[in-house]
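Naming convention: chains lettered A, B, ... in sequence-line order (proteins, then strands); numbering from 1 in each chain. As a basis for the values below, the full set of heavy atoms in this structure was taken, side chains included, without hydrogen atoms, waters or symmetry mates.
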Amino acid sequence: MIKVSGLTKDYGSRRAIHNVSFDAQQGEIVGFLGPNGAGKTTTMRILTGFMPPTDGEAIVAGYDVVEESLEVRKRVGYLPETVPLYNEMIVFDYLKFMGELRDLPNVEERVDEALDMVAMTDRAQGYIGALSKGMRQRIGLAQALLHHPEVLILDEPTIGLDPGQVVEVRELIRQIGKERTVLLSTHLLHEAQNICDRVLIINKGKIVAEDTTENLQARLVGAERVIVRVRGEADRELGLVIKEIKGVRGVELKDEGVVEFEFASGKDLRPEVAKQVIKSGYDLLELRPLGLSLEEIFLELTNSEPRRGN
Amino acid sequence: MKNIWTIAKREYQNYFNSPLAYVIALAIFLPIGIYFSIIMWVSSQQSFYGGPVPEPSPITWLFVFLLIFLAPALTMRLLSDEARMGTLELLLTAPVRDFELVAGKWLGAFLFVMVLAAGTLIFPFIMNQYVSPNLDKIKLISSYIGVILVTAALLALGTGISAIFTNQFAAFFVTLGLYFFLWFMVNLPADWLQNGGDFLNYLSISDHFSQSVNEGTINLGDLVYFLSLTALGLFTGTTAIEIRRWR
């Protein structure tokens, strides 16, 4: 449904994305993961026909985004990152306007249906300007769903939502993703793990990794970092105790009573560490794996050989 | 084509949701009303001594003259505000051609001004009650065709300029400057030039309107002039939107 090859976009002399290639099938939710300014929005804007690429080709829903832009735009639902809405309009009128631009039959029924999907029916007659950020987000989503698009492109769909709404929106995306193609961007790793079938990691305009969430995680967590907290002061001795255990590396004394270390993933050394710490007479308060942050993943990925593309 | 109408309809309704529309309506009807009263009073005084019969053409002239100052306020935000608010992204990713977007915006503003222009028909109507024989219908129709043509041209230029800018005040002042140039300034040097004066006169809106269409004579040249300006404005707008996409 989405096929992108060699996509490049320059803004003046600055190269926003460079030779990006990937594809997404029907019934697949693909996550676009990357830090701010990595090129996520640029790629999405090209795929939605907002702007043409400098180089490369993108086929969305069977049509070329440059040559057959209107056909693409008919089949794509797009939620831009900034969630642009007309504040002076009434919610229902706004969605009706967007529906009319898409030449939908039974526009009003479609609007009701979309409002129902995002649970905003009770605010249909309110002014958009009076809505909270989360509600605006949902109206933006309703707009993207209005025409039952084959491809849904969502730029940071859960940003600014409260936790309850985040769960709801993710559930909604999961539902939609069963039959259609969803491409969503996020800078939250756990969000990508949570809803996406496959993740593309983009950094500085290049795709640095592409894999299923499980594989990516397994591959990324080459080393597991663990924090150990004991009662009282963690002195050098505690560090030495842990260091002596076979397979442990990167021991670091942190705050009072806290030591961090890592071990190669695959063989969990935590029981052994716990045993040794207690045996040495410390009161073990906590032994907890530290998840890799997105920044660490990027460091990892940009330092190691990319698996696919470049 | 349907998209042009959809966009125009929203834009037209939008004017009535904002105080600006009422301010502009006031700024048009108040001066015209006062001017009309003066015309009627003066000609009633002079009619004793066989003075000239009042004509409606000063009313349509004043309407167009006021538009020179007021139309920039109507067109300034048409596309610039969409760009600033980010809603342009919404419209440019909807299945709408760039030209349809620009033409729809223009048409919305045009319809709004046409409602105002229709409102000014009350003045010739009242005038007609006091004049015998009745007003020259052909001349009146010609004046209003002139109003339609000038409005179309001015608003198209304003829409085109609005598409270039993201700041609506920049769009306002550039539009106002262009209108001033085309109304007052373009043919100022025409009298001093040995040749080329005719060409400069041809570029002047006020020559085509005040001295031609508003006085009951519509030449092909006038028609071509106003329609060309309209096309130029819409073309500029469409091109500016396309350039925005490439940037």
Is the Phe65(B) to Tyr35(B) ring centre distance short of 6.0 Å?
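Centroid separation for Phe65(B) and Tyr35(B): 6.0 Å or greater.
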Does the side chain of [X] pick up a donor-acceptor pair with the side chain of [Y] at under 3.5 Å?
| X | Y | answer |
| --- | --- | --- |
| Thr158(A) | Glu191(A) | yes |
| Glu82(B) | Thr87(B) | yes |
| Arg73(A) | Ser69(A) | yes |
| Glu179(A) | His148(A) | no |
| Asp155(A) | Ser185(A) | yes |

Going by an N to O cut-off under 4.0 Å, is there a salt bridge joining Glu11(B) and Arg77(B)?
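Looking at Arg77(B) together with Glu11(B), the answer is yes, because their closest N to O distance falls below 4.0 Å.
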Salt bridge check: are Glu100(A) and Arg10(B) linked by an N-O gap of less than 4.0 Å?
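Salt bridge flag = no for Arg10(B) with Glu100(A).
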Counting only non-hydrogen atoms closer than 4.5 Å, does [X] touch chain A with its backbone (N, CA, C, O), its side chain (CB onward), both, or neither?
| X | result |
| --- | --- |
| Glu242(B) | neither |
| Asp81(B) | neither |
| Arg244(B) | neither |

If I measure from the heavy atoms of chain B, does [X] come under 4.5 Å with its side chain, its backbone, both, or neither?
| X | value |
| --- | --- |
| Leu79(A) | neither |
| Asp93(A) | neither |
| Phe97(A) | both |
| Arg75(A) | neither |
| Gln143(A) | side chain |

Heavy-atom pairs under 4.5 Å with chain B: which of Lys9(A), Glu71(A), Arg102(A) has the most?
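When all of Lys9(A), Glu71(A), Arg102(A) are compared, Arg102(A) has the most.
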Between Tyr11(A), Tyr78(A), Tyr86(A), which residue shows the highest count of heavy-atom pairs closer than 4.5 Å to chain B?
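Most heavy-atom pairs under 4.5 Å with chain B: Tyr86(A).
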Heavy-atom pairs under 4.5 Å with chain A - which of Thr6(B), Leu92(B), Val96(B), Thr93(B) has more of them than the others?
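Of the candidates given, the most pairs with chain A belong to Thr93(B).
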